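All values reported here derive from a predicted model rather than from experimental measurement. Every chain is numbered from 1 and lettered A, B, ... according to where its sequence line falls, protein lines coming before strand lines.
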There are 2 protein chains.
Amino acid sequence: MLDALGDPTRRVILETLRRGGPCSVSTLAGQVPVSRPAISQHLKVLGAVGLVRHESRGTRNIYRIHRTGLDELRDWLDQFWGDALEAYADHIRRTEDRTVPGRPDVRTEEERDEH
Amino acid sequence: MLDALGDPTRRVILETLRRGGPCSVSTLAGQVPVSRPAISQHLKVLGAVGLVRHESRGTRNIYRIHRTGLDELRDWLDQFWGDALEAYADHIRRTEDRTVPGRPDVRTEEERDEH
DNA sequence: GCCCTTGGTTAGTGGCAACTTACCGTTCGT
DNA sequence: ACGAACGGTAAGTTGCCACTAACCAAGGGC
C-alpha cells in the first residue's frame, strides 16, 4: 500500500487519473514521461493494492481511481494516530510514579517532554 | 513524505516508536533488526518530513513521533479525495451530452461505470 | 584527567526495482 | 481476412538507496 504510493511516477499516474478522470493506458502513457510498458507495470501494482480499477472496453483498458486503497490508508492513519496517543499516555503514566516523594515538582528526566 | 513512508524499515521504526513511546537511538537499534547508523539515517529522513522529532538529553537523543507529517498526509489524502470526486463529476458532466437524443436511457459507453 | 557511551557522518557495496526493448495475443476497422 | 491499434508480459540493463564498517565528536562518570 504505502509501498505503492512510495514511487513518484506512480503518484504522477494517480494524479493524472485524478485530474483527468478515467483514462486508457496509451493516453496515460502520453501524459506521463515514461514508456507504455512501464505504465502497465505501475498500474498492475496500483491495482494490486486497490488504488485503481480497470475495465476492458474493446482493445482498450480504461483505468480509474478506486477508493478501496485510499480508505485503507485512511484507516491505517486513524488507527496509527489513536494508538500513538494511547501509547504516549501510557508512557506518561509509566513514568509518573518516578516522581520524587515529598517533592512533587521534581521529576525524573524521562517525564519531561517538549524541550 | 510518502517517499519516507515507502520504506518498510522506516515504517517499523515508526511502529516501534508508536508502541513504545519516545526512545533513544540505541534502544531503537536494539529493537529493529538493522545497524545503528542505518537507524540514524532513517531518523534523519523521518525528521526531514516532520514525522519524528528529537530532543537531546546528554549524549542521548530521544526520538518521538511528531504529528506534523501525519497531518500533512491526512490533508493530502482529504484533498486528493475531494478533488477526485469533483474531477469524476466533471467527467460525468462532460460525457452527459453524448446521451442519444430522444432515448435518455441509452448512453454512450463512456458514461457507464461500475461493470 | 581518562575512558566509555552515545550518536551523527562518510565511504563503499549489494540488491532491488524502475525502465526500455522486443515479442505476442486480442480486438477493431476495412 | 488482413493490417493496425491497444496493451500485457519477458528479458535485460541501470541507477538509486538501504545497509555496513570505520571514523569522529561530544558528554557523563569515575
Mind calculating the distance between CG (B:Leu43) and C1' (C:dG8) to the nearest angstrom? 11 Å

Let's go through A:Glu55 and A:Arg57 carefully: what are the C-alpha distance in whole Å and the side-chain angles of both, what is the deciding distance for salt bridge (charged side-chain N to carboxylate O under 4.0 Å, His left out) to 0.1 Å, and is it a yes or a no? CA-CA 6 Å; A:Glu55 171 186 1; A:Arg57 180 108 26 154; 2.7 Å; yes

Is the distance from OP1 or OP2 of C:dT6 to the nearest side-chain N or O of B:Asn61 less than 4.0 Å? no

Euclidean distance, atom CG of residue B:Asp7 to atom P of C:dA18 [Å, nearest integer]: 13 Å

Looking at B:Leu73 and B:Leu5, what are the two nearest heavy atoms and their distance? CD2-CD1, 3.8 Å

Phosphate contact (C:dG8 OP1 or OP2) by B:Ser40 side-chain N/O below 4.0 Å: yes

A:Trp81: ring pair (Phe, Tyr, Trp, His ring centres under 6.0 Å) partners, not counting sequence neighbours: none

Can you pull out every ring-ring contact (aromatic ring centres under 6.0 Å, His included) where at least one residue sits in residues 34-57 of chain A? Sequence neighbours excluded, please. A:His54-A:Tyr63

Has B:Tyr63 got a side-chain N or O lying under 4.0 Å from the OP1 or OP2 atom of C:dT6? no

To the nearest 0.5 angstrom, please state how far the OG1 atom of A:Thr27 sits from the CZ atom of A:Arg60. 7.0 Å

Should B:Thr9 be listed as having a side-chain N or O under 4.0 Å from OP1 or OP2 of D:dC19? yes

Output the single nucleotide from C:dT26, C:dC19, D:dT20 whose closest atom is nearest the side chain of A:Ala38. C:dC19

Whole angstrom value for the distance that separates P of D:dC17 from CG of A:Asp3: 15 Å

Check this one for me: any side-chain N or O of A:Arg57 less than 4.0 Å away from OP1 or OP2 of C:dT27? no

When rounded to whole Å, the CD to P distance for the pair B:Gln41 and D:dT20 reads 9 Å

In whole angstrom, what separates B:Ile62's CD1 from C:dT5's P? 17 Å

In whole angstrom, what separates A:Glu55's CD from D:dC6's P? 17 Å

Going by number, which of residues 28-36 of chain A have a non-hydrogen atom under 4.0 Å from DNA chain D? A:Arg36

Spacing between B:His54 atom NE2 and D:dA26 atom P, to the nearest angstrom: 16 Å

Tell me which of A:Val45 and A:Thr59 sits closer to the 5' end of DNA chain C, going by the nucleotide each one is nearest to. A:Val45

Considering only side-chain heavy atoms of B:Arg60, which listed nucleotide, D:dC19, D:dA18, C:dT6, is closest? C:dT6

Do you know the tightest heavy-atom contact between B:Cys23 and B:Leu17? CB-CD2, 3.7 Å

Out of D:dG28, D:dC6, D:dT9, whichever nucleotide has its closest atom nearest the side chain of A:Pro37: D:dT9

Side-chain N or O of B:Lys44 closer than 4.0 Å to phosphate OP1/OP2 of C:dT9: yes

Under the salt bridge (charged side-chain N to carboxylate O under 4.0 Å, His left out) criterion, do A:Arg10 and A:Asp3 qualify, and how do the steps go? CA-CA 10 Å; A:Arg10 273 197 287 268; A:Asp3 298 275; over 6 Å; no

Does D:dC19 have OP1 or OP2 under 4.0 Å away from a side-chain N or O of B:His42? yes

Taking all non-hydrogen atoms of both residues into account, name the closest pair between A:Val45 and A:Ala4 and its distance. CG1-CB, 4.0 Å

Which whole-number value in Å describes the distance from A:Arg10 CZ to C:dA17 C1'? 9 Å

